[in-house]
Amino acid sequence: MDQLFQPFHIKNLKIKNRICFPPVVCYSAGREDGSVTEQHIEHYRNIAKGGTGLIIQEATCVDELGRLSRRQLGIWKDSQIEGLSAIVQAVHQEDCPIFIQIHHAGVAGVEKELLCPSNYRFQKNGGENAGREMTLEEIHRTQQAFVDAAVRAYKAGYDGVELHGCHQYLMCEFFNCRVNRRKDEYGRYPQKFAVEILRAIKDKVPSDFVVGIRLGGFEPDLEASLRFAKILEEEGIDFLDISYGFSGEDEPAAPEEFPFQPCIYAAQEIKRAVSVPVFAVNSIMSPKMAKDVLQKTNVDLVDIARGIMVNPNWAKDALEGRNPGKCLHCKECTWSREMETCKGRILLKRQREIVQ
Ligand SMILES: Cc1cc2nc3c(=O)[nH]c(=O)nc-3n(C[C@H](O)[C@H](O)[C@H](O)COP(=O)(O)O)c2cc1C
Ligand code: SF4
């Protein structure tokens, strides 16, 4: 059978094919209190119906003061469990497992006072965010917020959590030695912040609940990320989803002849070094390319973000040999603001009308 459609297991969890919809924030569906809306439920139901093997729900904030946007989904209090479990039920009804990405924005947040491992200035939307070095007490409180969020995720019925440890957010800020210049143990051992969270979560949830991480493949370079990947494996991480590191402070590099994005190269190299499942992402534009990535790099799952944003039926269309459409890489992705303005969606609908 085509490798893209071969089932896969993470621990006891069966995933019916190798296509994962990775976390994608969907602000158009959000409310200021971080609660789940009907739109979120329908959005995830549609993607599950579309044949996707695994969904990782968008970055969902563990701390009201650590948000990336005022309309970001939240998992910082128990009263949010009920809404989140409605997403889980809708997705499970369509025979698709779902993890939730748990997140703290750190220096990329929206509050006046922003936390960061060290004092750090960060350019965001044409302005400058200034992060203040966290005290030990703040570090421990934030770690506890991640652990509490994972327990809530378990109670809501998710099959697992993904720690958001890449791009430019708090956990990534700890991993990256150019952002984390602390003189204490959290600076000497940049993985300490994440590892302590992982251990504490594992202590609190049953062993079949999956706990993975989205990790930068260059944090700040591949050598450092390989080291983090091996440590996380030793500490019991269940999967590694490899993306980019802290933007501007990472050094993405792949050999010239490598045919895919540098962070897919990082995923390939990390896969060679560990035995836990590894996911690859970025600019996988077609089912043919997805198959090539699986075959050439030996990673276990491919993340298709913008392809599935354009067409929630991407996986089913790929399986049945239809053209699933593609992302047009617009200068500004408008999907998050309003899904129906996505130019790739509009083009695919037009093409299908013409064919009919
Ligand atoms: C609108 C938008 C929102 C995103 N939100 C998240 C997020 O919540 N968490 C995350 O780890 N990555 C997020 N990403 C990154 C995607 O998961 C993915 O890594 C990226 O789009 C590259 O994959 P693609 O080329 O298949 O789109 C987002 C990307 C886009 C375009
Ligand atoms: S809005 Fe543009 S960039 Fe965003 S998913 Fe649609 S086609 Fe791709």
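Numbering of ligands and ligand atoms starts at 1, following listing order.
Every atom of ligand 2 is numbered from 1 in the order shown, and the set under 4.0 Å from a heavy atom of Gly344 is 7 (S). Against a heavy-atom cut-off of under 4.0 Å, His167 is close to the following atoms of ligand 1: 10 (C), 11 (O), 12 (N). For ligand 1, the atoms sitting less than 4.0 Å from at least one non-hydrogen atom of His164 are 9 (N), 10 (C), 11 (O), numbered in the order shown with element in parentheses. Every atom of ligand 2 with a heavy atom of Thr334 under 4.0 Å away is listed here by number and element: 1 (S). The Pro22 neighbourhood of ligand 1 comprises atoms 17 (O), with distances under 4.0 Å to a heavy atom of that residue. Less than 4.0 angstrom separates some heavy atom of Leu328 from each of these atoms of ligand 2: 7 (S), 8 (Fe).
Geometrically, ligand 1 and Ala59 share a nitrogen or oxygen pair separated by less than 3.5 Å. Note: no N/O pair closer than 3.5 Å links Trp335 and ligand 1 by distance alone. Polar contact check, Val25 against ligand 1: a nitrogen or oxygen pair lies under 3.5 Å apart.
Proximity of His103 to ligand 1, defined as any heavy-atom pair under 4.0 Å, is not found for any part of the residue.
Counting protein heavy atoms only, atom 31 (C) of ligand 1 is closest to Met309 CE, 3.9 Å. In terms of protein heavy-atom proximity, atom 8 (Fe) of ligand 2 is closest to Cys327 SG, 2.4 Å. In this structure, atom 29 (C) of ligand 1 lies nearest to the protein heavy atom Val24 CG2, 4.5 Å. Ranking protein heavy atoms by distance to atom 1 (C) of ligand 1, first place goes to Ser336 OG, 3.6 Å. Remark: minimum distance from atom 2 (Fe) of ligand 2 to any protein heavy atom is reached at Cys330 SG, 2.2 Å. Protein heavy atom at the shortest distance from atom 9 (N) of ligand 1 is Gln101 OE1, 2.8 Å. Closest to atom 4 (Fe) of ligand 2 among all protein heavy atoms lies Cys333 SG, 2.4 Å. With hydrogens left out, the protein atom closest to atom 19 (O) of ligand 1 is Arg214 NH2, 3.2 Å, a heavy atom. For atom 18 (C) of ligand 1, the closest non-hydrogen atom on the protein side is Ala305 CB, 3.8 Å. Residue, atom and distance of the protein heavy atom nearest to atom 27 (O) of ligand 1 are Arg306 NE, 2.6 Å. The nearest protein atom to atom 28 (C) of ligand 1, hydrogens excluded, is given as Pro23 O, 4.0 Å; this is a heavy-atom distance.
Ion pairing of Glu196 with Lys192 is present here, as a side-chain N (NZ or NE/NH1/NH2) and a carboxylate O approach within less than 4.0 Å. Lys288 has a carboxylate O that lies under 4.0 Å from a charged side-chain N of Asp292, or vice versa, which qualifies the two as a salt bridge.
Within the 4.5 Å cutoff, no side-chain heavy atoms of Glu173 are placed close to those of Tyr120.
A side-chain donor from one of Asn311 and Asp317 sits under 3.5 Å from a side-chain acceptor of the other. Residues Gln6 and Asp2 have side chains that never bring a donor and an acceptor to within less than 3.5 angstrom of each other. Using a 3.5 Å distance cut-off with no hydrogens or angles, the side chains of Gln57 and Thr60 do pair a donor with an acceptor.
At least one donor-acceptor pair under 3.5 Å links the side chain of Gln80 to the backbone N or O of Ile75. Side-chain N or O atoms of Arg18 include none that pairs as donor or acceptor with a backbone N or O of Val302 at under 3.5 Å. Side chain of Arg178 to backbone of Glu249: a donor-acceptor contact under 3.5 angstrom is found. For Gln143 (side chain) and Phe193 (main-chain N/O), a donor-acceptor pair under 3.5 Å exists by modelled atom type. Within the 3.5 Å criterion, the main-chain N or O of Arg70 finds a donor-acceptor partner in the side chain of Arg67.
Close to ligand 1: Ser283, with a non-hydrogen atom less than 4.0 angstrom away.
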| query | Phe279 and Phe239: ring-ring contact (aromatic ring centres under 6.0 Å, His included), yes or no, with the steps? | reply | CA-CA 8 Å; Phe279 307 179; Phe239 69 88; 4.7 Å; yes
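Contact annotation: Cys342 places an N, O or S atom under 2.8 Å from atom 6 (Fe) of ligand 2.
Within a 4.0 Å radius of atom 22 (C) of ligand 1, the protein has at least one heavy atom.
The two residues Glu133 and Glu138 have their closest heavy-atom pair at O-OE1, 4.2 Å. Summarising the geometry of Thr52 relative to Phe21, their closest heavy-atom pair is CG2-N, 3.6 Å, with the distance given to 0.1 Å.
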